[in-house]
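Here the structure comes first, spelled out in structure tokens, and everything after it is commentary.
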Amino acid sequence: ISNSASMTVLSTFNVGSVSGSGGNALLVDSSGSLFTRNQDPSVGAPGSSNNTATIQGGGLWDLGGRRLLVGNGGGTAVGNTLRIGTSSAVSNLTFVILTAGNTLDLQGGLLRTSSGVTNSGTLSGFGTIVGNTVVTNGAFLTPGGVSSLGSIVWSNNFTLASAATTVIKLDKSQVASNDLLTVVGTF
């Protein structure tokens with residue numbers, strides 16, 4: 001969906017909706033807009049893997065007050081990714097559920113949720129999350145990524161469970177070579 005085009009889905013919308021499917025992709029780019037309504041969409045159905053939803057180039061995915069499931073399958077859907085690029089947003093959703101083995105990859109974008117994000121997978125990159133976030137036991141938090149620097153800003157509360165893994169790059173000799181986590185609410 002690109003070039004300022006828009007699409008409204010009034011029924012089920014899943015990227016990788018069949019068990020055993022993989023490699024499916026959604027791209028919202030160049031100020032395109034996707035509006036999903038009436039049912040909770042997902043990136044990765046039970047038994048599917050390596051599906052990707054990428055919102056970039058000023059794109060918007062408006063979920064109409066629904067939940068978004070990334071890796072909908074309780075461990076059977078893995079390798080699925082929601083990527084939000086610069087000047088782009090995934091918004092108007094109540095909750096994001098990111099299950100183990102799946103990724104929320106912020107690449108300069110905005111995730112706006114009214115209730116919060118539960119992360120059992122990997123939260124990485126740089127960008128802003130509006131909504132309470134919980135990084136649960138066994139989950140991964142990697143601002144920037146494995147080899148790049150990043151800054152993630154939370155405008156609400158942020159909870160990091162004691163058995164979550166956090167990878168932060170720090171170099172006290174170079175100020176501009178550190179990852180950054182900014183929490184406006186309670187940490």
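What's counted below: heavy atoms across the whole structure, side chains too, no hydrogens, waters or symmetry copies.
- R112 is not listed as a side-chain neighbour of T128, based on a closest heavy-atom distance of 4.5 Å or more.
- Evaluated for a side-chain contact (heavy atoms from CB on, under 4.5 Å) with I84, the options T54, L104, D105 yield exactly one hit, L104.
- At a threshold of 4.5 Å between non-hydrogen side-chain atoms, the residues P41 and L68 count as touching.
- When atom types are taken as modelled, the side chain of S88 and the backbone of G59 share a donor-acceptor pair closer than 3.5 angstrom.
- With S49 contributing its side chain and G79 its backbone, the two residues share no donor-acceptor pair below 3.5 Å.
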Q.
As a quick check of understanding, evaluate side chain to side chain contact (heavy atoms under 4.5 Å, CB included) for S48 and V18, giving each step before the final call.
A. CA-CA 7 Å; S48 67; V18 179; over 6 Å; no
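- Using a 4.5 Å heavy-atom cutoff, the side chains of L110 and S91 are not in contact.
- Of the possible polar contacts, none joining the N50 side chain to the G23 backbone as a donor-acceptor pair under 3.5 Å is found.
- The shortest side-chain heavy-atom distance between L181 and P143 falls under the 4.5 Å cut-off.
- Checking T52 against T81 by side-chain atom types alone, no donor-acceptor pair falls below 3.5 Å.
- N178 places a side-chain N or O within 3.5 Å of a backbone atom of D171 that can act as its donor or acceptor partner.
- Judged by distance alone, the side chain of D29 and the main-chain N or O of S2 form no donor-acceptor pair under 3.5 Å.
- V43 and I97 are members of different hydrophobic clusters when ILVMFWY side chains are connected at heavy-atom separations under 4.5 Å.
- A distance of 10.0 Å separates CD1 in I129 from CG in N156, rounded to the nearest 0.5 Å.
- Counting heavy atoms from C-beta outward, R66 and F13 have side chains that stay 4.5 Å or more apart.
- Side-chain atoms of T12 and Q39 form a donor-acceptor pair, as typed in the model, at a separation below 3.5 Å.
- Side-chain atoms of D62 never come within 3.5 Å of backbone atoms of F35 as a donor-acceptor pair (strictly under, hydrogens ignored).
- Residues V167 and F140 have side chains not in contact (no heavy-atom distance under 4.5 Å, counting atoms from C-beta outward).
- A donor-acceptor pair under 3.5 Å is formed between the side chain of T76 and the backbone N or O of G47.
- No side-chain heavy atom of N72 sits under 4.5 Å from any side-chain heavy atom of D40.
- In terms of modelled atom types and a separation under 3.5 Å, the side chain of T136 and the main chain of A164 share no donor-acceptor contact.
- Taking all atoms of both residues into account, the shortest heavy-atom contact from N157 to N132 is N-OD1, 3.0 Å.
- In terms of modelled atom types and a separation under 3.5 Å, the side chain of N137 and the main chain of A163 share a donor-acceptor contact.
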**Q.** Stepwise side chain to side chain contact (heavy atoms under 4.5 Å, CB included) test for F158 and V135
**A.** CA-CA 8 Å; F158 177 72; V135 177; 3.7 Å; yes
